[in-house]
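See below for the structure under consideration.
A quick note: this is a predicted structure, and the numbers were derived from the prediction, not measured.
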Amino acid sequence: MTTSKLDRRGRTSIPKAIRDALDLRPDDRLVYRIEGNAVVLSRELAFPDATHDPFRTFHEWDSESDRAHYADL
């Protein structure tokens, strides 16, 4: 089991094992779904009708410079 601590302002860090499992990166959006007394956390898909963001496949095109240049596409 992986845990994290909630701070006084209601913030927590997502442990590396979870970030790796969900392939989370800076600026990713998260989805929280409440199921009974549990919360299911997932990565929001950039393209809801696709299974993945094509830019995640090509990591060499995932720099801050690339994101800035292709932001308007």
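- For the pair Leu30 and Leu24, the minimum side-chain heavy-atom distance is below 4.5 Å.
- Annotation: salt bridge (Lys or Arg N to Asp or Glu O under 4.0 Å) contacts of Asp27 (sequence neighbours excluded): none.
- With sequence neighbours left out, Lys16 forms a salt bridge (Lys or Arg N to Asp or Glu O under 4.0 Å) with Asp20.
- Taking every heavy atom of both residues into account, Thr3 and Pro15 meet most closely at O-CG, 3.6 Å.
- Contact annotation: the side chain of Leu22 approaches that of Leu41 to within less than 4.5 Å [non-hydrogen atoms, C-beta and beyond].
- In this structure, Arg19 contributes its side chain and Ile14 its backbone to a donor-acceptor pair below 3.5 Å.
- By the neighbour-count criterion of 12 heavy atoms within 6.0 Å, atom CG of Leu6 is densely surrounded, having more than that number from other residues, nucleotides or ligands.
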Checking Ser4 against Thr12 for the side-chain hydrogen bond (donor to acceptor under 3.5 Å, both in side chains) test, could you report, in this order, the C-alpha distance in whole Å, the side-chain angles of both residues, the deciding distance, and whether it holds? CA-CA 7 Å; Ser4 65; Thr12 189; 2.7 Å; yes
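- To the nearest 0.5 Å, the span separating CZ on Arg25 from CZ on Arg43 amounts to 8.0 Å.
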